[in-house]
There are 2 protein chains.
Amino acid sequence: MPKPLTYARFRKRVMVSMEDICRDIFRENRKSIRIKKEAVAIRNLVTIFKATLKLSNAKGFQAMSLRDLSRESGLSMGALYAYFSGKEELLEVIHEQGRAVTFSVLEAYVAKTGPVFDRLESAVRTHLYLSEVMRDWFFFAYMETRYFRKTEHKRAMEGELYTEKLFCDILEQGQKEGVFYLESALLTASVIKAMLQDWYLKRWKYRQRNISIDTYADFVLNMIRRATWP
Amino acid sequence: MPKPLTYARFRKRVMVSMEDICRDIFRENRKSIRIKKEAVAIRNLVTIFKATLKLSNAKGFQAMSLRDLSRESGLSMGALYAYFSGKEELLEVIHEQGRAVTFSVLEAYVAKTGPVFDRLESAVRTHLYLSEVMRDWFFFAYMETRYFRKTEHKRAMEGELYTEKLFCDILEQGQKEGVFYLESALLTASVIKAMLQDWYLKRWKYRQRNISIDTYADFVLNMIRRATWP
DNA sequence: GTCTATACAACGATAGAC
DNA sequence: GTCTATCGTTGTATAGAC
């Protein structure tokens with residue numbers, strides 16, 4: 001019998017490091033990155049992305065100038081342009097890579113078999129814990145999506161719908177099995193997402209109140225359990 | 001016996017018009033507004049605020065230039081500066097006024113007596129319906145708060161906590177009366193807020209699915225009722 | 001009260017030295 | 001690979017004509 005998933009256990013198992021993400025970015029964007037040495041490129045990409053998320057989440061991506069980014073990252077303006085072709089590409093690369101990581105972690109760690117409530121619990125905890133590990137990216141993705149043009153905007157919306165569908169499918173399965181009573185599986189999935197997003201959108205509030213992520217996960221799960229009792 | 005509150009009935013009763021709000025803004029900011037004729041001032045303030053919310057919600061307040069605003073509002077750059085002393089003041093005035101309207105509507109329309117679940121329903125519906133009437137402002141307030149400096153930021157946080165407390169007090173009262181079973185009144189209030197905010201933050205999604213605001217209100221209320229059943 | 005014209009700082013982006 | 005210097009553009013803000 002497997003131990004229940006906690007945040008501490010999730011961190012040990014998953015380990016999405018900034019280095020790994022930047023290695024992928026480097027290999028997928030060799031054409032637009034002028035730097036050839038992988039070690040140098042990855043080191044600086046890590047610095048650039050961390051600085052971008054920090055500045056951007058504090059005052060908005062549009063308000064962050066490349067001079068700000070240059071100062072924060074310690075790289076000159078000229079050096080920055082060796083890593084991306086312009087501010088817009090920087091935005092797109094961050095979004096794209098975050099989406100890819102989110103997708104692959106959810107695919108790999110959300111249980112596909114077993115009792116239906118356990119699967120729902122696994123989906124809720126994985127989503128919540130992942131948003132904690134990649135907090136800066138999740139916040140960034142939520143806040144900066146509307147700056148996109150049509151095509152990119154559509155992909156971001158699809159990201160929202162993907163995770164929602166993940167919950168919805170499990171809920172519908174549970175409904176069929178008689179484990180859940182649901183007024184609407186889709187609306188239930190929708191508000192579950194809203195509750196999970198609140199955790200990373202209002203971190204200041206939960207931190208202020210000393211509410212741990214596991215407490216929050218337990219609370220949300222109990223709430224769902226009671227609300228869907230047959 | 002009073003009829004249950006619906007969105008249609010709320011709109012008839014409340015009627016927060018942009019003109020009324022701008023009249024208040026004009027009278028409270030006479031010092032920094034150079035225009036003397038009230039009729040002219042109000043007409044242009046309405047135009048300016050509508051244009052600001054439109055542009056700002058599409059691409060962010062920081063990304064909206066005053067040249068954009070000039071074009072959208074039909075007023076020249078020079079004329080704009082007769083109504084506010086700078087871009088930052090424009091941001092503050094919009095926030096401040098929206099907060100005042102929200103506060104006064106909630107104070108006036110949320111039931112303070114009667115059965116405790118009816119009071120909760122009244123708070124949920126009033127908050128949700130108000131966010132629909134003032135949708136552009138609510139979205140703006142949520143997305144643009146972090147551009148504030150310390151003092152202003154604090155006031156915005158207090159706004160979040162005020163509405164949360166509104167729910168929390170009712171929940172605690174219900175808990176005392178044995179009407180609600182609650183694991184935590186504060187956490188419950190917190191996720192209720194998250195669910196209500198999702199409505200105006202993801203309007204595109206609910207519109208796409210033809211989910212009406214009354215359907216959403218009913219769903220959230222039923223969910224709360226089941227989740228808090230003693 | 002509103003306009004046009006303009007000041008000047010800051011922006012994204014690039015060229016060329018090292 | 002990274003830097004400094006500089007380009008043209010766009011930003012906020014104001015002065016003065018009407």
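Letters A, B, ... mirror the listed sequences (proteins, then strands); counts begin at 1. Computed from heavy atoms alone, side chains included, the values below leave out hydrogens, waters and symmetry copies.
- If you take CZ of Arg71(B) and C1' of dC3(C), they are 17 Å apart, rounded to a whole angstrom.
- Within 3.5 Å, a donor on the side chain of Arg67(A) pairs with an acceptor on the base of dG12(C), or the reverse.
- Leu53(B) contributes atom CG, which lies 12.0 Å from atom CD1 of Ile48(B) (distance to the nearest 0.5 angstrom).
- Of the residues near DNA chain C, Gly78(A) and Ala63(A), the one whose nearest nucleotide (by heavy atom distance) lies more toward the 5' end is Ala63(A).
- The existence of a salt bridge linking Lys59(B) and Glu144(B) is excluded, since no basic side-chain nitrogen approaches an acidic carboxylate oxygen closer than 4.0 Å.
- Checked for salt-bridge contact, Glu72(B) and Lys50(B) miss the test: no charged N lies under 4.0 Å from a carboxylate O.
- dC7(D) atom P lies 20 Å from atom CG of Leu66(A), rounded to whole Å.
- Per the geometry, CG belonging to Leu69(B) stands 12 Å off P belonging to dG11(D), to the nearest Å.
- Note: CE (Met77(B)) to P (dT4(C)) measures 12 Å, nearest angstrom.
- Between Arg23(A) and Glu19(A) there is no salt bridge, since no side-chain N of the basic residue sits under 4.0 Å from a carboxylate O of the acidic one.
- Within 4.0 Å (heavy atoms only), Ser65(B) reaches sugar-phosphate atoms of the nucleic acid but no base atom.
- When the C1' atom of dT14(C) is taken as reference, atom CZ of Arg34(A) falls 9 Å away, rounded to whole Å.
- At a threshold of 4.0 angstrom between heavy atoms, the contacts of Tyr83(A) are confined to the sugar-phosphate backbone, with no base atom among them.
- Among all heavy-atom pairs drawn from Met18(B) and Phe49(B), the shortest one is CE-CB, 3.7 Å.
- At dA13(D), one or more side-chain N or O atoms of Tyr81(B) fall inside 4.0 Å of OP1 or OP2 (strictly under the cut-off).
- In this entry the distance linking NZ of Lys36(A) with P of dT2(D) reads 13 Å, nearest Å.
- Place Asp68(B) and Lys37(A) on DNA chain D by their nearest nucleotides, and Lys37(A) ends up nearer the 5' end.
- Distance from the side chain of Lys87(A) is smallest for dG12(C) among the nucleotides dG1(C), dG12(C), dG1(D).
- Nucleotide dG1(D) holds its C1' atom 10 Å from the CZ atom of Arg43(A), rounded to whole Å.
- As rounded to whole Å, 14 Å separates atom C1' of dA13(D) from atom CD of Glu89(B).
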